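Before any comments, here is the structure.
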Amino acid sequence: MNKEFIENQKKILMDEKKEILDSLAGQSEELRKLVENVESGDDADKASDTIDRTLLNSLSDASQRRLVMINNALDRISQDRYGLCLLCGKEIPEARLEAIPYAALCVECQAKEEKRNR
C-alpha cells in the first residue's frame, strides 16, 4: 500500500481521535463547573450521583467503539499491517479505507461477520 496514502490515513485517524477526546474534554469542563458549584450535604450527594452518571455517559457507546477502532487502526499502521484484512489477510481497497479509515476487515469478511452476529 502506498506510504503517502497511509500517512494521510494516519492524519485522518488522529484528527478523528482528537475530535472524540475534545468532545470528552468539553464535557469534563462542564463536570468541573458542576463540582465547583456544589457546597455540601445532600446537594453534594446529588451532584456526585450526577457526575458519576455523566462520566459513564460522557462517551456514547458508538464513540467508545469508534475510539477503540481508531486506536487499533493506529496500532496496525505502526506495525505495518494497516490495510490488511484481519481475517483473510487480503488488502483492503483504498476506497473502503477512505470511507472508513479504521476498517479492519475487507468487505467480504465484514459481511460474513455481520451475518454471523445476527
Side-chain angles (χ1 to χ4, degrees):
M1 189 162 287
N2 181 331
K3 185 172 181 159
E4 184 178 323
F5 175 78
I6 292 174
E7 285 301 315
N8 186 53
Q9 292 302 100
K10 182 177 180 179
K11 181 185 178 320
I12 290 168
L13 289 162
M14 294 297 289
D15 290 346
E16 286 190 36
K17 180 177 179 176
K18 184 180 182 322
E19 179 183 312
I20 293 170
L21 295 176
D22 285 349
S23 172
L24 180 60
Q27 292 172 4
S28 293
E29 179 64 22
E30 293 171 16
L31 293 175
R32 186 188 59 76
K33 288 178 182 177
L34 180 63
V35 170
E36 288 175 355
N37 291 331
V38 173
E39 296 193 12
S40 64
D42 291 336
D43 287 340
D45 292 337
K46 290 177 188 174
S48 178
D49 291 343
T50 301
I51 290 167
D52 290 344
R53 278 194 306 278
T54 305
L55 283 173
L56 290 173
N57 296 325
S58 61
L59 277 179
S60 68
D61 288 342
S63 291
Q64 289 176 20
R65 283 191 303 273
R66 197 169 121 220
L67 187 57
V68 167
M69 290 187 292
I70 288 169
N71 285 332
N72 290 342
L74 290 169
D75 287 343
R76 288 192 302 278
I77 288 173
S78 69
Q79 298 168 1
D80 293 325
R81 304 270 313 139
Y82 182 75
L84 299 177
C85 178
L86 295 179
L87 293 180
C88 71
K90 292 180 184 175
E91 193 168 291
I92 300 170
E94 287 185 6
R96 176 164 170 74
L97 293 171
E98 286 173 351
I100 308 169
Y102 42 80
L105 304 175
C106 66
V107 174
E108 295 82 17
C109 289
Q110 182 68 43
K112 288 177 190 174
E113 281 296 300
E114 289 174 4
K115 282 183 182 178
R116 189 175 65 90
N117 291 327
R118 286 187 193 169

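It should be emphasised that the depicted structure is a prediction, and the values quoted were computed from it without experimental measurement.
The two atoms that bring Pro101 and Ile12 nearest to each other are CG-CG2, 3.8 Å, heavy atoms only. In terms of heavy atoms, Glu114 sits closest to Arg118 at O-CG, 3.2 Å. For the residue pair Tyr102 and Arg76, the shortest heavy atom distance occurs at O-NH2, 3.3 Å. Taking both residues in full, the closest heavy atoms of Gln9 and Leu97 are given as NE2-O, 2.7 Å, listed atom of the first, atom of the second, then distance. Closest approach of Arg96 and Cys106 over heavy atoms only: NE-C, 3.9 Å. Of all heavy-atom pairs spanning Ile20 and Ile70, the tightest one is CD1-CD1, 4.0 Å.
Rounded to the nearest 0.5 Å, atoms CG (Leu84) and NZ (Lys90) are 12.5 Å apart. Taking CD of Glu108 as the reference point, atom CG of Leu87 lies at 11.5 Å (rounded to 0.5 Å). Note that the CG atom of Asn71 and the NZ atom of Lys17 stand 4.0 Å from one another [nearest 0.5 Å]. Annotation: the span from Asn72 atom CG to Ile77 atom CD1 amounts to 11.5 Å, rounded to 0.5 Å.
For CE of Met1, the number of neighbouring non-hydrogen atoms (other residues, nucleotides, ligands) closer than 6.0 Å is greater than 12. In the displayed structure, Glu4 atom CD is contacted under 6.0 Å by at most 12 heavy atoms of other residues, nucleotides or ligands.
The hydrophobic clustering, which links ILVMFWY residues whose side-chain heavy atoms are closer than 4.5 Å, places Ile92 and Tyr82 together. No continuous path of hydrophobic side-chain contacts links Val68 to Leu13 [ILVMFWY only; heavy atoms under 4.5 Å]. Note: the hydrophobic cluster containing Met69 also contains Leu67 (ILVMFWY, side chain heavy atoms under 4.5 Å, direct or indirect links). No continuous path of hydrophobic side-chain contacts links Leu86 to Ile100 [ILVMFWY only; heavy atoms under 4.5 Å].
No side-chain donor-acceptor contact under 3.5 Å links Glu94 to the backbone of Phe5. A donor-acceptor contact shorter than 3.5 Å is absent between the side chain of Arg81 and the backbone of Asp75.
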